[in-house]
Amino acid sequence: MKDIYILAYAQNPIVADAKAANEVELIMPVVHQVFKQTGFTQNDIGFTCSGSCDYLQGAAFAFVEGLSAIQTNPPIKESHVEMDAAWALYESILKIQMGDAETALIYGFGKSSPGDLPFVSTLQTDPYYMSPLWPDKTSLAALQAQLLMNNGLLTKKDMYEALTQSISNAKNNPNALVTAMPSEDDYLSADYLSSPLSTYDCAPISDGASAMIIGTEEAAAKLGLQKIKISSVHHSIETSNFGARDLSTSESIIGLGKKINLKSFNLDFAELHTQFSYEIPFIRGLLDLGNIDINLSGGPLAGNVMMAAGLDSIGKSFELLKNSDFHNGLAHASSGPCLQQNMLVHLEKIND
Amino acid sequence: MTKSVDKELLRASFKLEYPYERSPGPVIGKFFEELSNEVLVGTKNSKGEIFVPAAEFDPKDSDHLSEFVEVKKEGVVQSYTWIEKPRAHHLIKESFAFALISMDGTNSAMLHMIANCKEDELEIGKRVKVVWNEEKTKTIRDIKYFEIIDE
Amino acid sequence: MSEEKKDFFVSDISLSYQYTAGNATTRFLNKVAEGKLVAQKCPKCSAVYVPPRGSCPRCGVATEEELELPDTGAVESFTIVHIPIPGNPIVPPYVSAMIRLDGADISFLHLIQEIDLADIRIGMRVQAVWKDKSDWGTTLENIKWFKPTGEDDVDPSVFKFKE
Ligand SMILES: [Zn+2]
C-alpha cells in the first residue's frame, strides 16, 4: 500500500441560498483555490472525481455540467459518485493505490436551496415500501433519536450541549453558516418538527462546494508542505431494509472504529458528519470518544452542504492538523437515513 | 417551467416528476397482492425468522427468501415520531406519527404511519393494528395507517 | 401470472423546485430580453461561448468578458424530426438544427423554418426570426426560429473548434 497525503483543501463560504450561482460557478472558486495552494494545474492531476446529487437542485445531469468548471483539454481521467464527495475521495485513493494516478482532485457540491431537502432525501429510500409514504429525512432521524431517548442513551440536554458546542465552535470556521445560539429555554420549548427533533436539531439547508487534492509520498515531498497522511480509511453500509436495522446502535460505526484501530493512537479530535444534534452524543458513545473535542469546525450543524459535508469533515481535520499541535484526527462521513453508511478516516501529521 | 418571477435572479418554479411504472417482482408483488386482499404476509428464512414487509433477501446473510407466511394484522411500536404539523408531501393532513412497527411474530419492523390518536397516547411498546384503505392500489398504501388497539 | 394482472405500479415522484439559471446565464437571458445575443469569451483560449454558462469547459476558467454577436450564423448540423414529441406543439416534419452564430465557437439547438425541407444542408446561412417585441421575455424563445438568408454557404471546416 502506498502512503497517501492530503495536499490541499478549500471550502466556499457556506450560504443558505447561493441565489443564481450554478454548479460551475460554485465549483470553480474552490478548484482554483486548491490549485493555488499546491501550485498545480489540471495537467498535474492524475484523476478527478466528484460527488453530487442532481435531485438536490432538480437539474438532471448537473454533475456533467459541473465538469465545465474543470479544464478538460486535453481530456482527463474523471469519475463521479452520486454520493458525498468523501466517497469520491475513497475512489480516488483506490485509483492511486492501483498505480493509475499519483495525484487526484476531488470536489463535491450541493445546492439544496431550490428544493425541499427533507423530501428530496425521501427518494433515497426504498421505492416499494418506504418512499410512497413520503417519510422525510427529519422524521427518519427522529425515529432513531426517539429510540435512543427511550433506551436511556440520550437526553434533550445532551442534544442541546452538542448543538451549542457546535455553534460556538463555528467561530473557528470563517466559512460556517452562522446560526443563532438558542437559550436552553428556547431550545427545550421549541416546537418539534418530528418529535423529539425541532429545527434547532437539524443542520441548516446549505449551498456550497469544497475541493481537495491528494497525492502520493512523492507528490507530497515535491511540495515541501506539512505532511498530513491518510493513515487509514474504511467504509461500510448496513442493510437497506430499514425495518431490519437495529437503530439503537450502529454496527457500521462500531465496526469501522475497530478497523481503523481507533484505540491504537492518541486521538486529538474528531470531525463528524452529523446532520442532527443527537448524532454527536450517539457517535461519541459508539466510538467511546470520551471527552475528545468533536466538530471544532462547527460541523454540519453550522453549515451542511449536501454531498460536500462528508468531504468537509476530512478537509477540516486536515486544516486542523496543519494549523495546530494536534497529531491525530478522526474524520467521519455518512450517507443514507439514520447513519446507514459510514466512513472513518484516520489522519496523521507526519514530522520528518 | 413557468414564467420567471424574479427578473434579477431568474428564479422559476419547476416541477420534477418521474411517473415510472415500477415492477415489484415476485416477492414484493405477492406482498402487495395480499395487501389488496387485506391479508398481511411476510417471508421466512431458514432460521424461522419472519420479515414483514416481505423481504426479498435476508438482511443479514442475503439468502434469497421465497417462503411466505401469513401474520396477524397487529403489532408493536418499536419507535415513532410525532408530527404535529404535517408538511408538504405527508399523506395524512392532520397530526400523525411515522412509526416502526414490528408485526406480531416477526423479526423486523415496517415503516408506516399511526393516526387517530393523540401524541401522549403513543409510546414505544404500544400495540397497534392495521387500518385498510378502502381503495386498493396494490401498493404499501393499501394500509391506510395503523391505530392504537384499545386495551 | 394471469394476463390481466397489473404487474407494475406508478410511482408518484413529484418534487417542486425554485430553479435558478446561473449567474452567467442570467446575464445572457436578461440581454436576450432586450433582443441582444451576448456571448462570453475565454481569457485563456479566447473561445466564444453563446449561450454562456460562466466557464470555458476546455480551460476551466471563468468567462467574464462579454461581447454582442449578430443574430446571423450557419447550420453546423441538423435533423428533420418526423415523430411528434409529447408536449411539443410543433407539428412534424420540422428541422432542428445546431446553429453556429457568427463569431461564436459553439453552436446551440434551435428551429429552422421558412424553408423547403429538401433544401436544408450543413453550412447554410441563417438568420433569427424574432417574435414581436411585446412578447419578449428572458428566454431564447424570443427567437421563433431561424430562416435561410440566401447567402452563399460557408465551408464546414469553419466549424472546427479553434486550437
Ligand atoms: Zn478556454
Side-chain angles (χ1 to χ4, degrees), chain B residues 1-39 41 53-54 56 66 68 86-93 111-113 132-145, chain C residues 1-40 49-54 66 85-90 108-110 131-144:
Chain B
M1 266 208 203
T2 58
K3 215 170 172 163
S4 166
V5 290
D6 186 339
K7 189 177 183 322
E8 281 307 301
L9 261 175
L10 298 188
R11 231 187 256 273
S13 57
F14 165 64
K15 199 166 240 182
L16 186 69
E17 290 186 324
Y18 290 101
Y20 289 133
E21 292 177 353
R22 281 198 179 276
S23 158
V27 174
I28 298 170
K30 164 91 172 162
F31 178 80
F32 287 159
E33 187 71 34
E34 294 296 346
L35 279 191
S36 71
N37 301 325
E38 303 198 351
V39 172
V41 297
E56 295 171 289
S66 55
F68 288 91
R87 301 182 285 278
H89 291 272
H90 290 148
L91 299 177
I92 298 177
K93 302 302 171 197
L111 179 84
H112 219 288
M113 301 171 288
W132 299 101
N133 237 327
E134 260 175 51
E135 190 200 337
K136 300 296 191 291
T137 52
K138 293 186 184 172
T139 68
I140 192 69
R141 294 187 194 164
D142 284 352
I143 297 175
K144 196 172 183 183
Y145 46 75
Chain C
M1 266 209 233
S2 69
E3 280 169 45
E4 68 269 34
K5 198 160 105 184
K6 191 184 85 169
D7 63 351
F8 64 85
F9 66 95
V10 180
S11 71
D12 66 348
I13 294 171
S14 170
L15 293 165
S16 296
Y17 294 91
Q18 287 292 320
Y19 192 72
T20 50
N23 285 314
T25 312
T26 299
R27 288 205 299 278
F28 171 75
L29 290 174
N30 278 325
K31 289 294 180 186
V32 168
E34 298 167 11
K36 292 177 185 155
L37 299 169
V38 179
Q40 290 184 6
Y49 294 96
V50 64
R53 280 189 49 80
E66 301 191 330
I85 295 164
N88 188 335
I90 309 161
F108 59 84
L109 192 69
H110 218 295
K131 276 185 188 165
D132 191 85
K133 200 170 174 175
S134 59
D135 292 334
W136 285 355
T138 47
T139 165
L140 262 184
E141 288 176 15
N142 290 356
I143 296 174
K144 286 196 285 188

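Convention: sequence-line order gives letters A, B, ...; per-chain numbering from 1. Hydrogens, waters and symmetry mates are skipped; everything else that's a heavy atom, side chains included, is used.
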Decide if atom NZ of B:Lys93 counts as having more than 12 heavy atoms of other residues, nucleotides or ligands within a radius under 6.0 Å. yes
Residues, nucleotides or ligands: over 12 heavy atoms within 6.0 Å of C:Glu141 CD: no
Residue list, side chain to side chain donor-acceptor pair (under 3.5 Å) with C:Arg53, at least two apart or on another chain: A:Glu23, A:Glu65
Does C:Lys131 have more than 12 heavy atoms from other residues, nucleotides or ligands lying within 6.0 Å of its NZ? yes
Heavy-atom side-chain contact between B:His89 and C:Leu15 under 4.5 Å: yes
Hey, what do you get for CZ (C:Phe9) to OG (B:Ser23), rounding to the nearest 0.5 Å? 9.0 Å
Residue set satisfying side chain to side chain donor-acceptor pair (under 3.5 Å) with B:Glu56, at least two apart, ordered chain then number -> none
Any donor-acceptor N/O pair, C:Ser11 side chain to B:Tyr18 backbone, under 3.5 Å: yes
Got a sec: does the NZ of C:Lys31 have more than 12 other heavy atoms crowding it under 6.0 Å? no
Find out whether B:Arg22 and C:Phe8 are in side-chain contact, i.e. whether some heavy atom of one side chain is under 4.5 Å from a heavy atom of the other. no
Could you tell me which non-hydrogen atom of B:Leu10 sits nearest to which non-hydrogen atom of C:Asn30, and how far apart they are? CD2-OD1, 4.1 Å
About how many Å separate CG of B:Leu91 and CG of C:Asp12, when rounded to the nearest 0.5 Å? 8.0 Å
C:Val10 vs B:Tyr20 side-chain heavy atoms within contact, under 4.5 Å: no
